[in-house]
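Quick note: numbers below take in every heavy atom, side chains included, and nothing from hydrogens, waters or symmetry partners. Lettering follows sequence order; numbering is per chain, from 1.
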There are 2 protein chains.
Amino acid sequence: MVTTFALLADPTRRRPVEELRAGERSVGVLVDAVGLSQPAVSKQLRVLREAGLASVRKDAQRRMYRLDPERLRELDDWLQPFRAMWEARVDALEQTLSTMED
Amino acid sequence: MVTTFALLADPTRRRPVEELRAGERSVGVLVDAVGLSQPAVSKQLRVLREAGLASVRKDAQRRMYRLDPERLRELDDWLQPFRAMWEARVDALEQTLSTMED
DNA sequence: TCAATATATGCCTTTACAGTTATATGCTGC
DNA sequence: GCAGCATATAACTGTAAAGGCATATATTGA
């Protein structure tokens, strides 16, 4: 299966995800947002579905896609230990600045 | 240029990054950690360098690689608005549980 | 049942890129 | 300067996957 990292590497997949942040969207709307052919977008939506990042609901002929943010948590978890690194740098900078003020 | 997302999509690039979290590492050490040929690893290290995610220092014949975590911040920033989504879910769950306790 | 709309799938082509081997480059101690 | 180690680069190959077009499938309203 595709990792969450790989999922978001492709802009064609990242765009819909960003779009879905605001709520449910039909395929047609996502196609407009991405600016590629409908089949291309449908294909990527399928990948997102299969990776558990999105799910679908039927609404007449439309398929409404909804974001499933849980998997994004993996990314957040992975990032966690690194966060300390840049926060440390910011702290050091702030300390330097406050020293300069004295 | 490669986006930070694409950078981390490849395990062969993610592994060294994780390895570098602990501090400077020579290419040889990274090669062992990743388990691929030396040229393969060197190639990916170059990508990391050019993307500003790592930098090098010469130490005799060795090249010591160091992590430059700033670019990871982009990832963190991108993630920010989504974070609210899963936190909302957790809150809802907790509320449900506390209601059940009554 | 038929036409129209919305989406998915199959097939094909092309491109990007990872990995390998062989080789070049750079540095050091002698 | 030379031998030896550590790393980088070049050239090549194989593969995966993205995107396009054509077409199938599904749903609805009439």
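- Following rounding to the nearest Å, R25(B) (CZ) and dA6(D) (C1') show an atom-to-atom distance of 17 Å.
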Salt bridge (charged side-chain N to carboxylate O under 4.0 Å, His left out), that's the test. Do R46(A) and E50(A) meet it? Break it down for me.
CA-CA 6 Å; R46(A) 176 181 194 163; E50(A) 290 179 343; 3.0 Å; yes

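- The distance between atom CG of L48(A) and atom P of dA17(D), rounded to the nearest whole Å, is 14 Å.
- Looking only at side-chain heavy atoms (C-beta outward), L36(A) and V31(A) stay at 4.5 Å or farther from each other.
- Between R73(B) and E70(B) there is a salt bridge, with a side-chain nitrogen of the basic residue lying less than 4.0 Å from a carboxylate oxygen of the acidic one.
- The closest donor-acceptor contact from the side chain of R25(B) to the backbone of Y65(B) lies at 3.5 Å or more, if one exists at all.
- At distances below 3.5 Å, at least one donor-acceptor pair connects side-chain atoms of R15(B) with backbone N or O atoms of A33(B).
- Atom CZ of R62(B) sits in a sparse spot, with 12 or fewer heavy atoms from other residues, nucleotides or ligands closer than 6.0 Å.
- Taking every heavy atom of residues 56-65 of chain A and every atom of DNA chain C, pairs under 4.0 Å involve Q61(A), R62(A), R63(A), Y65(A), by number.
- Of the inter-residue distances, the one linking M64(B) atom CE with L20(B) atom CG reads 9.5 Å to the nearest 0.5 angstrom.
- Remark: side-chain polar atoms of R13(A) are paired, donor with acceptor, to backbone N or O of L7(A) under 3.5 angstrom.
- Here L48(A) contributes atom CG and D68(A) contributes atom CG; the two are 10.5 Å apart, rounded to the nearest 0.5 Å.
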Determine, step by step, whether Q44(A) and T12(A) satisfy the side chain to side chain donor-acceptor pair (under 3.5 Å) criterion, reporting the C-alpha distance in whole Å, the side-chain angles of both residues, the deciding distance to 0.1 Å, and the verdict.
CA-CA 7 Å; Q44(A) 305 301 358; T12(A) 313; 5.3 Å; no

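- End-to-end axis angle of the helix from dT1(C)-dA30(D) to dC30(C)-dG1(D), from C1' rotation axes over five pairs per end: 30° (rounded to 10 degrees).
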Strictly under 4.0 angstrom, non-hydrogen atoms only: write out the protein contact profile of nucleotides 10-23 of chain C, one letter per nucleotide from the 5' end, B, S or -.
--------BBBBB-

